[in-house]
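Note sheet for the following structure.
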Amino acid sequence: SSASTDGNLRVDFLDVGQGDAALITFPDDTTVLVDGGGRPGPFKGADEESERANRAIGESVVSEYLWWRGLDHIDYLVATHADADHIDGLNDIARNFEVRAALVARLPERDAELGKLLQLLASNDVAVRAIGAGDELRLGGVALRVLWPHPSADSRLPSGNNDSLVLRVEYGS
């Protein structure tokens, strides 16, 4: 893999266990990280004493991969919903990389996991924008369209699996 996409669209799916993490690199090298995985589950491997085994998924998998790609920033973080197995790793990304903006579907007031991420983003002066069905991000000939959930007048509603952001990436035909 190279740090540059050489004018192509690139999507990398990272193995973060139960959760999700996908890095979309647009032809103009804009980066969008969709989710960042979470902490490992209760099952530990033979190397559980090693430093790597005790580090969070966002550090040991996602950050390591981004560094390997030669990245020092992420343009957009996307938190599909507020469950820890999807967003806990984004805390590590916000600590380890410069982030331009974060996109979420909802901003529930009483969600501890999302609250940690939002506090970290605010301390780094990262803009957070709530998005919903019908919103679109166009970069380098690629459209990133939000299909779900529909925007709500109350962005503080819960943000669980059924409220997850669903994105469609359109490139060429």
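We count residues from 1, following the sequence as given. As the structure is a computational prediction, the values presented were derived from the model and not from experiment.
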Who are the side-chain hydrogen bond (donor to acceptor under 3.5 Å, both in side chains) partners of [X], not counting sequence neighbours?
{"X": "Glu98", "answer": "none"}
{"X": "Arg138", "answer": "Glu136"}
{"X": "Asn96", "answer": "Glu59, Ser63"}

* Any chance you could lay out the side-chain contact (heavy atoms from CB on, under 4.5 Å) test for Leu23 and Val32, step after step, and finish with the verdict? => CA-CA 6 Å; Leu23 176 67; Val32 175; over 6 Å; no

* Asked: Can you tell if the side chain of Asp75 reaches within under 4.5 Å of the side chain of Leu139, non-hydrogen atoms only?
  ->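 Heavy-atom side-chain distance check fails, nothing below 4.5 Å.
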
* **Pairs touching residues 87-145 that satisfy ring-ring contact (aromatic ring centres under 6.0 Å, His included), sequence neighbours left out** =>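 Qualifying pairs, neighbours excluded: Trp67-Phe97.
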
Apply side-chain contact (heavy atoms from CB on, under 4.5 Å) to [X] and list each qualifying residue two or more places apart in sequence or on a separate chain.
{"X": "Val11", "value": "Phe13, Ile24"}
{"X": "Val99", "value": "Leu77, Val126"}
{"X": "Asp20", "value": "Asp35, His86"}
{"X": "Glu170", "value": "Ala143, Arg145, Arg168"}

* Only counting residues at least two apart or in another chain, list the ones meeting ring pair (Phe, Tyr, Trp, His ring centres under 6.0 Å) with His73. =>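 None.
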
* Partners passing ring pair (Phe, Tyr, Trp, His ring centres under 6.0 Å) against Tyr76 (at least two apart in sequence or in another chain) ->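 Tyr76: no ring pair (Phe, Tyr, Trp, His ring centres under 6.0 Å) contacts found.
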
* To do: Using the side-chain hydrogen bond (donor to acceptor under 3.5 Å, both in side chains) rule, collect all pairs that involve residues 118-129, keeping only residues at least two apart or in two chains.
  =>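 Those involving residues 118-129 do not exist here.
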
* Asked: Under the criterion side-chain contact (heavy atoms from CB on, under 4.5 Å), which of Leu117, Ile74, Leu120 is the partner of Leu90?
  ->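 Answer to the side-chain contact (heavy atoms from CB on, under 4.5 Å) test with Leu90 among Leu117, Ile74, Leu120: Leu117.
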
* To do: Specify whether Trp68 and Tyr65 have parallel, tilted or perpendicular ring planes, treating 30° as the upper limit for parallel and 60° as the lower limit for perpendicular.
  =>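 Rings of Trp68 and Tyr65: tilted, 30 to 60°.
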
* To do: Would you check, one step at a time, whether the test side-chain contact (heavy atoms from CB on, under 4.5 Å) holds for Val146 with Leu165?
  => CA-CA 7 Å; Val146 181; Leu165 279 171; 3.8 Å; yes

* Asked: Is the side chain of Asp28 donor-acceptor paired with the backbone N or O of Thr30 at a distance under 3.5 Å, no angle test?
  ->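 Yes, the answer is positive, given that a donor and an acceptor are paired below the 3.5 Å cut-off.
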
